[in-house]
Number of protein chains: 2
Amino acid sequence: MVTIKDIAKQLGISVSTVSRALNDHSDIKKETKLKVLETVKELNYRPNSVARSLIHQRTYTVGLMIPDITDPFFSTISVGAQELLSEQGYQVIIGNTLRDSAKEKRFIESALERKMDGLIITPDHVDEELVEMLSNINIPVVFLRRRPSKLLKVPFVDVDHYKGACEAVEHLISLGHKGIGYIGIPIESPIAIDRFQGYKDTLKKHDIPYVSDFIQLSGGRTIQSGRIAMDQLISHIPEMTAIFAYNDLLAIGALESLAQHNIGVPDTISIMGFDDLEISNLYWIQLSTMSQPRNQMGRHAAETLLKMINHANTDDEIPDSILLDSVLINRNTCKKLTYQ
Amino acid sequence: MVTIKDIAKQLGISVSTVSRALNDHSDIKKETKLKVLETVKELNYRPNSVARSLIHQRTYTVGLMIPDITDPFFSTISVGAQELLSEQGYQVIIGNTLRDSAKEKRFIESALERKMDGLIITPDHVDEELVEMLSNINIPVVFLRRRPSKLLKVPFVDVDHYKGACEAVEHLISLGHKGIGYIGIPIESPIAIDRFQGYKDTLKKHDIPYVSDFIQLSGGRTIQSGRIAMDQLISHIPEMTAIFAYNDLLAIGALESLAQHNIGVPDTISIMGFDDLEISNLYWIQLSTMSQPRNQMGRHAAETLLKMINHANTDDEIPDSILLDSVLINRNTCKKLTYQ
DNA sequence: ATTTATTTCGGTAACGTTTCCGAAAACACA
DNA sequence: TGTGTTTTCGGAAACGTTACCGAAATAAAT
């Protein structure tokens with residue numbers, strides 16, 4: 001490997017002079033600087049950032065831990081983060097954890113050994129072990145799409161799921177719907193709680209009674225689960241004229257079930273999703289839904305992380321957490337209710 | 001930061017002893033080794049892999065350059081590569097180039113400065129500048145889904161597009177189709193050439209005349225382009241009874257156009273895609289297509305790269321390139337032709 | 001007890017940089 | 001020419017590790 005020494009030797013000068021030339025220091029003659037730059041080209045020299053990191057105690061590397069890079073949701077977030085970070089000279093190392101908490105811990109451990117400058121993480125469960133681990137860490141961390149435990153003084157960025165759910169249901173109500181069902185997942189994660197609560201609160205706000213028969217909370221968050229849930233709910237048509245689904249996959253599953261039963265959407269029932277996946281815009285689907293600003297989430301997470309990295313010593317305050325708004329995308333699965 | 005020195009000081013021993021204890025060297029007393037391990041826990045010490053890299057001239061980092069991590073195709077490939085590499089203690093740095101050749105070059109440059117141990121790349125265009133750049137590189141490189149120029153002694157891994165296209169068309173022919181159209185992209189990339197050639201050769205093999213009116217090569221590789229292309233082709237029904245599309249997106253666009261025109265699939269026309277995207281399995285689509293072993297591609301690329309990294313000095317031969325087979329996925333868009 | 005063999009350890013250089021400090025070189029002014 | 005100031009440079013330590021070599025400590029053999 002060609003190093004700074006080789007350049008120094010070839011020119012008969014010292015390594016420190018070469019270093020100064022390469023780093024645009026002031027105390028160097030223009031002439032020698034040019035000679036150095038020339039030799040750099042000639043020898044095809046490239047600075048060794050490993051050595052640089054060792055000196056500067058900065059690797060210009062940050063870790064981004066996500067559950068599944070294959071999920072366009074997370075890959076778009078990661079693009080947002082990468083865009084901003086690479087502008088600032090940072091490399092991003094993506095940890096694909098597949099929601100496996102052992103993998104999560106291994107990734108964080110490895111990030112620490114590699115002396116990354118910061119960490120953006122989306123842990124699947126914020127369990128005790130993780131909290132314990134994170135509280136002993138000496139690099140900045142920001143939570144993405146997850147809420148840190150109260151013990152952790154860590155900022156997060158997420159979308160306002162509660163507000164989004166309220167808007168979605170509000171939209172349905174504004175179209176005249178009163179019999180509004182909900183297809184969701186078991187009330188465990190904070191996100192599930194927020195969206196469900198938004199649904200319930202908005203009904204209450206409009207004095208619409210909560211009908212537990214219109215609710216299906218079993219199953220996972222897949223198309224398959226949505227189809228099964230809708231199968232259960234189908235007997236409540238036509239009293240039930242609309243459905244708000246926890247996410248687009250469930251909504252699409254519902255659409256599938258309704259298509260199989262030959263029930264028209266939005267003619268006999270309206271469907272509202274949440275997430276705005278790319279497939280939701282497909283010709284056959286055209287799902288009305290709440291779009292989450294994924295790219296922005298990644299950018300904001302990166303921004304707050306950079307703030308923390310740069311103000312590590314000067315300022316002890318951690319940056320504010322951020323809740324972004326989702327936006328309503330109106331396609332073809334919701335219809336104004338007309339009373340005949 | 002707590003270093004090896006802190007441990008040495010606390011125990012009153014030398015750093016070299018601590019180092020030996022941590023690296024399972026033979027010439028160390030069991031007793032002291034245990035004491036060291038204990039102190040490591042106590043002080044929450046973590047080895048600094050930056051310093052280690054500097055000594056060993058190995059970073060255990062490889063770069064993976066892809067056009068778009070948001071595309072499930074590439075994200076699945078990257079998962080395959082990551083799985084294998086992380087088993088071997090490597091970290092993967094993903095470079096998302098968005099098919100921008102400036103970004104590509106910057107990524108490679110950065111990989112070199114960071115002294116990555118190897119590179120798996122999917123360059124958008126293999127232009128002269130890139131070839132020039134790559135031929136001056138002193139770390140192993142493997143091409144993924146792209147063919148290196150002949151000047152480059154670099155292995156590649158890809159699927160056999162020609163063979164896959166032959167199989168797809170063969171399938172259509174075996175169902176009795178003779179009027180088989182092709183929706184594709186301009187014949188520029190090697191992949192486009194291979195698939196189109198497979199189409200033409202298979203027709204010829206079965207003495208089916210090549211009808212240029214049945215071919216649409218304009219546009220990009222999006223659903224939109226597929227729809228437009230099909231719009232142009234629709235007048236050739238019913239002589240044309242089947243279509244082989246360059247990829248699933250185009251095929252889905254064709255499906256969209258046919259649905260708009262109320263033309264039954266597969267009743268009046270059969271459609272065959274290539275790629276097997278996740279959306280191709282959707283209830284409304286159920287596209288018959290050729291599935292590419294994406295995860296395997298990533299794994300194979302990683303494997304050959306590791307071979308090159310580990311045999312860097314011992315053996316100068318580069319590993320063989322690999323062509324993987326795609327497999328036919330038969331869903332509901334192809335039908336046996338019945339003559340009435 | 002002395003010698004020899006074995007185990008265990010410490011000192012030091014090295015990896016490729018940057019940075020500090022002091023010294024040499026160049027310039028300005030009297 | 002001498003003094004003072006500024007510019008430019010070189011030497012050396014440091015970042016946190018590992019690896020080599022020789023020395024000390026222990027065990028085994030005579």
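Every chain is numbered from 1, with letters handed out A, B, ... down the list of sequences. What you are looking at is a predicted structure, and each value in this text was computed from that prediction instead of being measured.
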Practice item. Tell me, please, which residues at least two apart from Pro148(B) pass side chain to side chain contact (heavy atoms under 4.5 Å, CB included). Key: Phe143(B), Leu152(B), Val154(B), Phe156(B)
Spacing between [X] atom [atom1] and [N] atom [atom2], to the nearest angstrom:
{"X": "Asn23(A)", "N": "dG16(C)", "atom1": "CG", "atom2": "P", "result": "17 Å"}
{"X": "Glu31(A)", "N": "dA25(C)", "atom1": "CD", "atom2": "P", "result": "16 Å"}
{"X": "Arg46(B)", "N": "dT17(D)", "atom1": "CZ", "atom2": "P", "result": "12 Å"}
{"X": "Arg20(A)", "N": "dC20(C)", "atom1": "CZ", "atom2": "C1'", "result": "10 Å"}
{"X": "Leu11(B)", "N": "dT8(C)", "atom1": "CG", "atom2": "P", "result": "17 Å"}
{"X": "Ile28(A)", "N": "dT19(C)", "atom1": "CD1", "atom2": "P", "result": "14 Å"}

Among the candidates [options], find the nucleotide nearest to the side-chain atoms of [X].
{"X": "Ser16(A)", "options": "dT17(C), dA12(D), dT18(D)", "value": "dA12(D)"}
{"X": "Lys29(A)", "options": "dG11(D), dC9(D), dG16(C)", "value": "dC9(D)"}
{"X": "Ile13(A)", "options": "dG10(D), dT18(D), dC9(D)", "value": "dG10(D)"}
{"X": "Lys5(B)", "options": "dC9(D), dT17(C), dT17(D)", "value": "dT17(D)"}

**Study point:** N-O pairing of Asp158(A) and Arg147(A) below 4.0 Å
**Key:** yes
Exercise for review: For the pair Arg99(B) and Asp68(B), find out whether any cationic side-chain nitrogen is under 4.0 Å from an anionic carboxylate oxygen.
Suggested key: no
**Study point:** Most 5' of Pro47(B) and Thr32(A) on DNA chain D, judged by nearest nucleotide
**Key:** Thr32(A)
Review point. Between the side chain of Thr76(A) and the main-chain N/O of Pro72(A), is any donor-acceptor distance below 3.5 Å?
Key: yes
Check your understanding: Axis-to-axis angle across the helix from dA1(C)-dT30(D) to dA30(C)-dT1(D), five pairs an end, to 10 degrees?
Key -> 50°
A quick test of your reading: do over 12 heavy atoms of other residues, nucleotides or ligands sit less than 6.0 Å from [atom1] of [X]?
{"X": "Glu87(B)", "atom1": "CD", "value": "yes"}
{"X": "Glu129(A)", "atom1": "CD", "value": "no"}
{"X": "His125(B)", "atom1": "NE2", "value": "no"}
{"X": "Asp320(B)", "atom1": "CG", "value": "no"}

Check your understanding: Given Ile121(A) and Val141(A), is the side-chain contact (heavy atoms from CB on, under 4.5 Å) satisfied, shown in steps?
Key -> CA-CA 7 Å; Ile121(A) 63 176; Val141(A) 175; 4.0 Å; yes
**Study point:** Side-chain donor/acceptor contact of Ser14(A) with base of dG11(D) under 3.5 Å
**Key:** no
Check your understanding: NA contact type, Ser19(A), heavy-atom cut-off 4.0 Å: base, sugar-phosphate, or nothing?
Key -> base
Check your understanding: So what does Asp27(A) hit on the nucleic acid, given a heavy-atom distance under 4.0 Å: a base, only sugar-phosphate, or nothing?
Key -> base
Exercise for review: May I ask you to verify if any side-chain N or O of His25(B) is less than 4.0 angstrom from the OP1 or OP2 atom of dC9(C)?
Suggested key: no
Revision key, fill the gap. Here the residues of residues 52-62 of chain A within 4.0 Å heavy-atom distance, strictly under, of DNA chain C are Arg52(A), Ile55(A), His56(A)
